[in-house]
Amino acid sequence: MTVRVPAKVNLQLSVGPPRGDGYHDLVTVFQAVSLFDSVTVQPAERTSVVVTGEDAASVPAGRANLASRAARALATSALRRKGKSAVRIEIRKRIPVAAGLAGGSADAAATLVACNELWGLGLTQSELREVAAGVGSDVPFALLGGTAIGQGRGEQLTAALTAGTYHWVLAFAAGGLSTPEVYAACDRLRAARAAAGRRDPAGGGISQAGNPGEDYQPRLSTELMAALRSGDPSAVGPLLSNDLQPAAVSLRPDLRRALNAGREHGALGAIVSGSGPTCAFLAKDARRARELAVSLTGAGVCRAVVQVKGPAAGAAIVVAERP
Ligand code: C5P
């Protein structure tokens with residue numbers, strides 16, 4: 001059973017203060033893009049994970065892998081036939097690891113769809129999404145695909161109405177960023193700004209915040225949603241926003257060069273994707289995306305460049321072989 005699953009970019013990522021459980025409430029706009037991993041599952045004596053392709057060596061193997069956690073979570077929640085839940089999970093990666101593109105979450109989502117089919121569970125999309133939310137905040141969106149608003153930790157989804165096709169250039173950085181570390185850096189930057197504001201209230205800083213992020217309530221950009229409905233990338237580009245971007249750039253100052261290079265070479269919008277370090281650039285059309293990809297490659301500001309389109313479909317079965 002083979003399932004193809006897309007990467008995502010966040011067109012908006014509005015992050016609130018840290019919650020008691022270590023997560024942050026957020027409002028985000030996800031878009032799935034045409035950069036796919038594929039995951040094959042087959043019955044086995046014991047569960048194992050084999051990874052090939054992009055960054056294969058840096059994907060955690062065995063029980064720590066998000067895909068094997070997804071298979072276990074599905075078996076626990078839905079499988080009555082005990083002892084039949086071991087699977088060999090083969091992941092062919094094109095989505096880079098720890099890149100802000102939700103590659104690990106994508107592989108977990110693909111595993112859920114594949115095991116649901118392999119084990120004949122017949123779980124609906126919304127039942128699968130519930131299991132997915134327990135595996136990781138971005139896993140439900142990888143099931144859904146398209147363009148969607150995420151709330152809560154990002155797992156509460158509402159499909160968004162959009163028009164047209166969006167042409168993106170993704171600039172992969174060397175190495176990855178840890179999502180918890182980027183969120184922690186965001187809290188620290190906000191706390192420092194709040195402290196500076198308290199010292200100098202007349203300076204226009206944020207004066208009240210005692211806790212990191214206290215003044216930051218996540219809010220959906222209705223302007224961005226209207227631009228997405230219009231299908232005009234020139235309207236969407238300037239409205240892209242990511243509250244984690246200053247934190248990602250503080251941990252990886254080289255990203256500033258990549259973002260600037262994209263803007264200089266005509267990107268309509270330039271943004272760090274999720275917690276980074278991938279940078280996503282929006283182009284007017286396929287031809288301009290191609291030109292931008294060539295320019296970014298020539299500028300030597302990143303490890304590799306790919307051209308993708310959004311919105312792409314969520315996790316879907318591509319091969320179903322039944323004995
Ligand atoms: O849900 P997931 O396991 O993908 O989240 C990874 C980490 O990212 C969390 O442990 C947390 O540190 C951070 N995170 C967060 N707020 C969110 C989503 C993730 O702080 N809404």
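Scope of the values below: all heavy atoms of this structure, side chains included, with no hydrogens, waters or symmetry mates.
- The two residues Ser275 and Val182 make their nearest non-hydrogen contact at O-CG2, 3.4 Å.
- Side-chain N or O atoms of Ser273 include one that pairs as donor or acceptor with a backbone N or O of Gly100 at under 3.5 Å.
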Report all side-chain donor-acceptor pairs from residues 34-44 shorter than 3.5 Å, counting only partners two or more places apart or in another chain.
unit_1	atom_1	unit_2	atom_2	d
Ser34	OG	Lys309	N	2.8
Ser34	OG	Lys309	O	3.4
Asp37	OD1	Arg94	N	2.7
Asp37	OD1	Ile95	N	2.9
Asp37	OD2	Lys93	NZ	2.3
Ser38	OG	Arg92	NE	3.3
Ser38	OG	Arg92	NH2	3.3
Thr40	OG1	Thr2	OG1	2.7
Thr40	OG1	Arg92	NH2	2.9

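- Under the 4.0 Å criterion applied to side-chain N and carboxylate O atoms, Arg190 and Asp243 are assigned as salt-bridge partners.
- With sequence neighbours left out, Asn242 forms a side chain to side chain contact (heavy atoms under 4.5 Å, CB included) with Leu13, Leu244, Gln245, Ile271, Val272.
- Side-chain atoms of Val139 and Leu112, non-hydrogen and from C-beta on, do get closer than 4.5 Å to each other.
- Although no hydrogens or angles enter the test, the distance criterion places a donor-acceptor pair under 3.5 Å between the side chain of Asn116 and the main chain of Leu123.
- Between Cys279 and Leu255, the closest side-chain pair of non-hydrogen atoms falls below 4.5 Å.
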(message) Walk me through whether Met225 and Val29 qualify under side chain to side chain contact (heavy atoms under 4.5 Å, CB included).
(response) CA-CA 9 Å; Met225 299 318 290; Val29 181; 3.9 Å; yes
(request) Run the numbers on Lys8 and Leu101 for side chain to side chain contact (heavy atoms under 4.5 Å, CB included), then give the verdict. (result) CA-CA 5 Å; Lys8 62 84 187 161; Leu101 297 166; 6.0 Å; no
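- By the 4.5 Å heavy-atom criterion applied to side chains, Val15 and Pro218 are not counted as neighbours.
- When Val87, Val135, Leu128 are each tested for a side-chain contact (heavy atoms from CB on, under 4.5 Å) with Leu74, only one passes: Leu128.
- Contact of the Asn260 side chain with the Glu264 side chain is registered, since non-hydrogen atoms from C-beta on lie closer than 4.5 Å.
- Residue Arg263 places its CZ atom among more than 12 non-hydrogen atoms of other residues, nucleotides or ligands, all under 6.0 Å distant.
- For CD of Glu130, the number of neighbouring non-hydrogen atoms (other residues, nucleotides, ligands) closer than 6.0 Å is 12 at most.
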(message) Go through it in stages, so that I can follow the logic: the residues are Ile149 and Leu220, the test is side chain to side chain contact (heavy atoms under 4.5 Å, CB included), and I'd like the CA-CA distance, side-chain angles, deciding distance and then a yes or no.
(response) CA-CA 8 Å; Ile149 299 161; Leu220 180 68; 3.8 Å; yes
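- Counting only heavy atoms from C-beta outward, the side chains of Val318 and Val3 never approach each other to under 4.5 Å.
- Leu240 approaches Gly269 most closely through the heavy-atom pair CD1-CA, 3.9 Å.
- In Arg252, the CZ atom is crowded: over 12 heavy atoms of neighbouring residues, nucleotides or ligands sit closer than 6.0 Å.
- Using modelled atom types, one finds no donor on one side chain facing an acceptor on the other under 3.5 Å when comparing Ser230 with Asp232.
- Using a 4.5 Å cut-off between side-chain heavy atoms of Ile, Leu, Val, Met, Phe, Trp and Tyr, with links allowed through other members, Val9 and Phe172 fall into the same hydrophobic cluster.
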(request) Give the intermediate values and the outcome of side chain to side chain contact (heavy atoms under 4.5 Å, CB included) for residues Gln151 and Leu26. (result) CA-CA 6 Å; Gln151 285 170 285; Leu26 51 83; over 6 Å; no
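- Cluster note: Leu144 groups with Phe30, Phe141, Leu157 through ILVMFWY side-chain heavy atoms spaced under 4.5 Å, whether in direct contact or through intervening members.
- In terms of heavy-atom proximity, Pro6 sits nearest to Ala106 at O-CB, 3.6 Å.
- Both Val49 and Met1 belong to a common hydrophobic cluster when Ile, Leu, Val, Met, Phe, Trp and Tyr are linked at side-chain heavy-atom distances under 4.5 angstrom.
- Both tests pass for Arg153 against the ring of Tyr23: distance under 6.0 Å to the centre and angle within 45° of the axis.
- With rounding to the nearest 0.5 angstrom, the CD atom of Gln156 is 10.5 Å from the OG atom of Ser137.
- Considering only heavy atoms from C-beta on, Leu228 comes within 4.5 Å of Leu11 through its side chain.
- Scanning both residues, Ala71 and Cys115, for their nearest heavy atoms gives CB-SG, 4.2 Å.
- Contact annotation: the side chain of Leu268 approaches that of Lys284 to within less than 4.5 Å [non-hydrogen atoms, C-beta and beyond].
- Shown here are the salt bridge (charged side-chain N to carboxylate O under 4.0 Å, His left out) partners of Arg219, two or more places apart in sequence or in another chain: there are none.
- Sequence neighbours left out, the pairs with a member in residues 164-175 that pass side chain to side chain donor-acceptor pair (under 3.5 Å) are Gln31-Trp168.
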Under 3.5 Å, side-chain donor or acceptor atoms of residues 292-300 against the rest of the protein: list the pairs with distances, not counting sequence neighbours.
unit_1	atom_1	unit_2	atom_2	d
Ser295	OG	Glu291	O	3.0
Thr297	OG1	Ala293	O	2.7

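- Side-chain contact between Ile91 and Asn65 is present, with at least one heavy-atom pair separated by less than 4.5 Å.
- The environment of CZ in Arg46 is sparse: at most 12 heavy-atom neighbours from other residues, nucleotides or ligands sit within 6.0 Å.
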(request) Mind running salt bridge (charged side-chain N to carboxylate O under 4.0 Å, His left out) on Arg88 and Glu90 for me, showing each step along the way? (result) CA-CA 6 Å; Arg88 179 183 195 270; Glu90 192 184 331; 3.1 Å; yes
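- Placement of Phe281 and Leu224 in two distinct hydrophobic clusters is found when ILVMFWY residues are connected by side-chain heavy-atom separations under 4.5 Å, directly or transitively.
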